[in-house]
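Below is one structure, written out as C-alpha cells; the observations come after it.
Only this structure's heavy atoms are used, side chains among them; waters, hydrogens and symmetry mates stay out. In the text below, chain A, chain B and the rest are named by the order of the sequence lines, each starting its count at 1.
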Amino acid sequence: MTWPREPAPKPASAPRLRRLRRAELPRDSVALARFLLGAIVVSDVPPGRTALRVVETEAYLPDDAAAHSFRGETARNRSMFLRRGHAYVYFIYGNHFCLNVSSEAAGVGAAVLVRAGEPLIGFEVMRLRRPRAAERDLCRGPGRLAAALGIDRRLDGCDLTAAGPLWLAAPQRPPRAIGTSARIGLTKEAERPLRFYERGSPFASGPAARNG
DNA sequence: TCACTGATCGTCT
DNA sequence: GACGATCAGTGAG
C-alpha cells in the first residue's frame, strides 16, 4: 500500500461519529497508546467542530522518569492522575499546548500523548487557527495538533468519554500497520520504545524516513 | 528533506 | 534561575 502524495480528498459529508465509552478503553497505558491509533479526537470548541484521526501517540507510564507525573502530583499534572479517559493539557516551551489522555486508574499518574493526526472534519476552522500551515502539517506534531483543534488549558481535566467540548470517537478505519520507536524530544528514558505510529502515514511527525 | 537555531514563558527546584 | 513531551524559519545538499 502506498500513500498518495497529497492528503485524501475531503469526504463529501461529515462522517458519523460514535463516542467511545470508558469501558472500551484499555486499562494499560501502552495498550491505550496503540488503541488510540485510528481513533478520532473531536473538538467542539467555537467557532465550529474539528476532528482528526490519530496517527501517532506516545505512552508515559507510572514510574517513568520522563513523565510529568514522576515526581508526584502537582497543580500542573493533576489531570494525569484522573482515571483513564480524561484530557491532560499542558503548556510547553512558552508557546504550545499538548493533549494527553489519562491512561490508568484514579490516583495513578500516567498518560498517552496524542502527537499527530490526520484532519477529518473542519478544515476551514483548522486553517483559521493555523493559516500558514500546509494541509499535511495542520495536525503534525503535538503543538500543532492542539492549535488546530483549539485546545488550551481550559480543556485540562475534561472527560473525553462524556458529552463536552472535547471527546473521543470510535475508529472508522483501523491503522494499516503500527510502528514503534523511541519517544521524541526527551532527555530521560529516551530509549524506551513507547512511541507508536501508523506506518507510512504522511501525517505522523518527524522526518518521513523514521515513520516507514 | 533534513538539520540547526532562536523564540517564548509556565513550572519547579 | 534553569529547563522543557515544540515550532517556524532558514539554509544546505
For R192(A), side-chain hydrogen bond (donor to acceptor under 3.5 Å, both in side chains) partners two or more places apart: E189(A)
Could you list the residues that satisfy ring-ring contact (aromatic ring centres under 6.0 Å, His included) with F97(A), not counting sequence neighbours? F91(A)
Under 3.5 Å, is there a donor-acceptor pair linking the side chains of E104(A) and S29(A)? yes
Report the residues that fulfil side chain to side chain contact (heavy atoms under 4.5 Å, CB included) with S69(A), sequence neighbours left out, ordered by chain and then residue number. A67(A), M80(A), F81(A)
Taking DNA chain C as the partner, which of [range] come within under 4.0 angstrom of it by heavy atom?
{"range": "residues 87-106 of chain A", "answer": "Y90(A), I92(A), Y93(A), G94(A), H96(A), N100(A)"}
{"range": "residues 140-154 of chain A", "answer": "G141(A), P142(A), G143(A), R144(A)"}
{"range": "residues 65-84 of chain A", "answer": "A66(A), H68(A), M80(A)"}

N/O contacts under 3.5 Å, protein versus nucleotides 2-5 of chain B?
unit_1	atom_1	unit_2	atom_2	d
dC2(B)	OP1	A209(A)	N	3.4
dC2(B)	OP2	A208(A)	N	3.3

Which of residues 180-193 of chain A sit near DNA chain B, with a heavy atom under 4.0 Å from it? none
Watson-Crick and G-U pairing of DNA chain B, under 3.5 Å, as dot-bracket with | and [ ]: |||||||.||||.
Which pairs count as salt bridge (charged side-chain N to carboxylate O under 4.0 Å, His left out) when at least one residue sits in residues 201-212 of chain A, sequence neighbours excluded? none
Residue pairs fulfilling salt bridge (charged side-chain N to carboxylate O under 4.0 Å, His left out) with at least one residue in residues 75-90 of chain A, sequence neighbours excluded: E73(A)-R78(A)
Segment of DNA chain C, first to last nucleotide, that comes within the 4.0 Å heavy-atom reach of chain A: dG4(C) to dG9(C)
